[in-house]
A.B. asks: 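Sending over a structure as C-alpha cells; questions will come in a sec.
The figures here come from the full heavy-atom set of this structure, side chains too, leaving out hydrogens, waters and symmetry mates. All values derive from a computational prediction rather than experimental measurement.
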Amino acid sequence: MEGKAIIINYFPDGVSQFLTAAQGMPEKVRKQIEKMIMQFVWDGSTQPPVNRETLTRPMEKEGKNILDMQAQNDAIALRQLQEYLTFGEKRPAWAYFTDWIFQNAITPSEKNCYNKNSCMNMYLQNWNPGTNKVDLPDDLKEMVSVGKKYNVRLEAMYPTRKMQEEMPIWES
C-alpha cells in the first residue's frame, strides 16, 4: 500500500496540481481521477475494504496519506484567493480584471450594491457577485465558493496608516 501511495502522491498529484492552478479542475474530472486512484489502490475491486476518507488521512491519524483531490483543489483556490486579496503595489494585474468581472456579475437582486461602479471588491464590502451566472468563469466561481466554504474575510487587527490610506472609500 505504501508504494501505491507514493506513486499516487507523485504522479496524479503533481500533474493535477499544475493543471488545476493554471486552468482549474471541473468537478467531473476530479471525481474521475479519484475513481481511477481508488481502482489503482484496490486493484479494480468494486468493494474497497477501507473508505477514501480513511485513506486520505495522515499516517499519524491511522490513514495512508493518499492524495485528497478535493482538499488539494480547495488549497489551490485559497492560494488564488490570497493572491487576489493582495492590495497595494504587489497586487497582481489579473486581480484588477477580476474585480471588473465580479462587478459585471452583480445581479439586480444584490441589495448591498446600489451602483456597480461603487462596488469595488466583495471582500472589502458587503456584496456578492452572481456566482450562478453562466458568464462568470468557472475558476472564479470556484474561488468564491471555496472562500465561502472556509469563511474567508479580510480583517486587519491593527491597520497601519498607509494601509488605511490605500483602502477605497465608498458610499454607504
Side-chain angles (χ1 to χ4, degrees), residues 8-9 11-37 52-53 56-57 66-172:
I8 291 167
N9 289 336
F11 182 70
D13 184 26
V15 172
S16 67
Q17 210 171 43
F18 172 77
L19 291 173
T20 301
Q23 303 171 339
M25 180 183 290
E27 185 78 9
K28 182 179 176 182
V29 172
R30 179 186 62 80
K31 287 181 178 182
Q32 188 174 5
I33 293 172
E34 285 176 341
K35 183 178 177 181
M36 290 168 50
I37 288 171
R52 181 187 337 254
E53 290 75 25
T56 58
R57 274 192 231 138
I66 298 236
L67 173 64
D68 182 341
M69 294 292 294
Q70 185 62 57
Q72 173 188 276
N73 291 353
D74 285 358
I76 290 168
L78 287 169
R79 179 68 183 117
Q80 290 169 336
L81 183 54
Q82 181 183 26
E83 288 179 34
Y84 170 68
L85 293 174
T86 300
F87 293 97
E89 295 173 4
K90 293 184 179 182
R91 190 161 201 228
W94 67 265
Y96 294 101
F97 185 62
T98 300
D99 285 338
W100 180 83
I101 292 171
F102 284 146
Q103 287 169 342
N104 286 293
I106 296 171
T107 60
S109 63
E110 178 55 64
K111 294 176 180 29
N112 292 323
C113 188
Y114 305 106
N115 175 352
K116 282 187 181 182
N117 294 328
S118 67
C119 292
M120 301 177 75
N121 184 294
M122 68 182 138
Y123 289 95
L124 294 175
Q125 298 166 305
N126 188 23
W127 59 271
N128 291 299
T131 53
N132 292 329
K133 289 184 76 169
V134 177
D135 55 344
L136 192 63
D138 289 341
D139 59 334
L140 296 184
K141 286 181 189 177
E142 180 70 11
M143 187 176 79
V144 171
S145 173
V146 171
K148 287 179 181 178
K149 178 180 177 181
Y150 292 99
N151 198 27
V152 172
R153 55 185 194 270
L154 282 176
E155 292 183 4
M157 297 290 286
Y158 305 104
T160 63
R161 184 64 153 163
K162 186 174 191 281
M163 185 186 298
Q164 291 173 4
E165 290 169 356
E166 288 177 353
M167 291 292 111
I169 298 175
W170 54 87
E171 58 191 73
S172 58

A.B. asks: Please give me the minimum heavy-atom distance between Leu154 and Phe87, naming the atom from each residue.
C.D. replies: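 Scanning both residues, the minimum pair turns out to be CD1-CE1, 3.6 Å.
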A.B. asks: Can you tell me how far the CD1 atom of Ile66 sits from the CD1 atom of Ile37, to the nearest 0.5 Å?
C.D. replies: 8.0 Å
A.B. asks: Please step through side chain to side chain donor-acceptor pair (under 3.5 Å) for the pair Gln70 and Asp74, ending with a clear verdict.
C.D. replies: CA-CA 6 Å; Gln70 185 62 57; Asp74 285 358; 2.8 Å; yes
A.B. asks: Could you check whether any side-chain N or O of Gln125 sits under 3.5 Å from a backbone N or O of Asn121, counting only pairs where one atom can act as donor and the other as acceptor?
C.D. replies: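 A pair under 3.5 Å: yes.
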A.B. asks: So which heavy atom on Leu81 is nearest to which on Gly147, and how close?
C.D. replies: CD2-CA, 3.7 Å
A.B. asks: Return yes when atom CD of Glu27 has more than 12 non-hydrogen atoms of other residues, nucleotides or ligands closer than 6.0 Å, and no otherwise.
C.D. replies: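 Atom CD in Glu27 is packed in, count exceeds 12.
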A.B. asks: Using 0.5 Å steps for rounding, measure from the CG atom of Leu140 to the CD atom of Gln80.
C.D. replies: 8.5 Å
A.B. asks: Rounded to the nearest 0.5 Å, what separates atom CG in Leu85 from atom CE in Met122?
C.D. replies: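 The CE atom of Met122 is 8.0 Å from CG of Leu85, to the nearest 0.5 Å.
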A.B. asks: List the steps, then state whether salt bridge (Lys or Arg N to Asp or Glu O under 4.0 Å) holds for Arg30 with Glu34.
C.D. replies: CA-CA 6 Å; Arg30 179 186 62 80; Glu34 285 176 341; 2.8 Å; yes
A.B. asks: Take Asn128 and Lys148, measure what side chain to side chain contact (heavy atoms under 4.5 Å, CB included) needs, and give me the verdict at the end.
C.D. replies: CA-CA 11 Å; Asn128 291 299; Lys148 287 179 181 178; 3.8 Å; yes
A.B. asks: Quick check: does any side chain N or O of Arg91 sit under 3.5 Å from a backbone N or O of Tyr84, one acting as donor and the other as acceptor?
C.D. replies: yes
A.B. asks: Flag the pair Trp100 / Phe97 as yes when their ring centroid distance falls below 6.0 Å, and as no otherwise.
C.D. replies: yes
A.B. asks: Taking Thr98 for its side chain and Trp94 for its backbone only, find out whether a donor-acceptor pair lies under 3.5 Å.
C.D. replies: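 Flag set: sc Thr98 to bb Trp94 pair under 3.5 Å.
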